[in-house]
Amino acid sequence: MSIAALIVAAGKGDRLGGDLPKQYVDLGGKSLLAHSVDAFLVHPNITSILVVIGSGQEDLAKTALGGRKISGFVTGGVERYLSVKAGLDALVGSGATKVLIHDAARPFLPREVIDRLLLALDEADGALPALPVVDTLAHGGAVLGDAVDRRGLLRIQTPQAFRFDAIMTSHERWNGGIATDDAQMARAAGYSVAVVAGDPALEKITHAIDLSLANASLADSRSVRTGLGFDVHRLEAGKELWLCGLRLENAFGLAGHSDADVALHAVVDALLGAIGEGDIGSHFPPSDEKWKGAPSCLFIAHACKLIAERGGTIEHVDLTIVCEEPKIGPHRSAMRERLAKLLQIGIDRTSVKATTTEGLGLTGRREGIAAQAIATIRI
Ligand code: CTP
Ligand code: MG
């Protein structure tokens, strides 16, 4: 069974204001869109993620997602329901039997909500998260009108989950004008929609105050942690030299079970250290043939996934490479760029330094290259 996540991110974010549409705005180290994508990426039952974006926004969206792997982008329409339709059309033939339709403007998506929706979908054609209304409701403008009985009223959130064929049919049959969510279309087509408990964290970012509150709640609820990594690999003639994810021309390369990228290994250990997850050897044992010659970017991706699964974000990584040669200076900016890409963070959150040991010790005698890294994460 294939369960697709469809994230709509084709709005203009007019009510938030600012230069960037809100889905691309930074919230605690990653874009709103990236927050939503991560929630689906780490969920074991979600098999694909499609993101609907505004026309000509592919570069913006790619930057906002760093290197996150999604199934693709689709261009949306002038109203939310048209953006959803564009996404659904693109999913036809993908094999998706269920779909979760989510606003990129709701960055904090707890795993439990997805679980509740998928469970409810076993019985119903659709399911959505909702919260009770707590304020008094009334008609009115400048002058107060009649009160509205709030009993039985719900505040509807996303993601909304549907059997794929049901929501596709609902969109095709819809003739009710601008629909602000998909569940009302499903109901109009005669499908059943279950209600599961929503979550206050799922509030939509609409106005500037919502973004300030989201930032404040992130800052309040998270602590800063650091991890330290250190590694050494032996230099040998005739080996490839991989350093910080780049292949460098050098008479000597590093020996090891994987590609022996000592710099990335130090970074992986720093990341694992920050979440108390052991070290690189415990995740990728050198005794395992599977990792023979493996590119170390796989190890970085694994450490990043572990951090994302815990709701963490990488604030900064500082790497020091210790060697007499090759000279790191000419490669420094390419290394920072590569590191930023692998870690899916801004280049300003990475640092690559180098030093020699003045001819002393194992690096001074050019027997090996050492690297150390410190990672700062917020979790
Ligand atoms: N959305 C969309 N296509 C549209 C309009 C909205 O994909 N034509 C998406 C938005 O990107 C957002 C979600 O639908 O993730 C909810 O919409 P809303 O909060 O209204 O976002 P915006 O339309 O971007 O904001 P505003 O109405 O303030 O311009
Ligand atoms: Mg809108």
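The model shown is predicted, which means the values in this text are computed figures rather than measured ones. We count ligands from 1, going down the list as the structure has it; atoms in each ligand are counted the same way.
- Listed as neighbours of ligand 1 are V8, A9, A10, G11, K12, G13, D14, R15, K22, G77, V78, E79, R80, S83, D103, A104, A105, K204, each bearing a heavy atom under 4.0 Å from the ligand.
- Looking at K22, its side chain does come within 3.5 Å of a backbone N or O of I205 through a donor-acceptor pair.
- Note on R332 versus E337: no salt bridge recorded, every NZ/NE/NH1/NH2 to OD/OE distance being 4.0 Å or above.
- Side-chain contact check for E172 and W174: no donor-acceptor pair (N or O, by modelled atom type) lies under 3.5 Å.
- Side-chain atoms of H233 and D231 form a donor-acceptor pair, as typed in the model, at a separation below 3.5 Å.
- Side-chain rings of H102 and F40 approach one another, their centers coming within less than 6.0 Å.
- A search for side-chain contact (heavy atoms from CB on, under 4.5 Å) contacts involving R310 returns I275, E277, L306, I379, not counting sequence neighbours.
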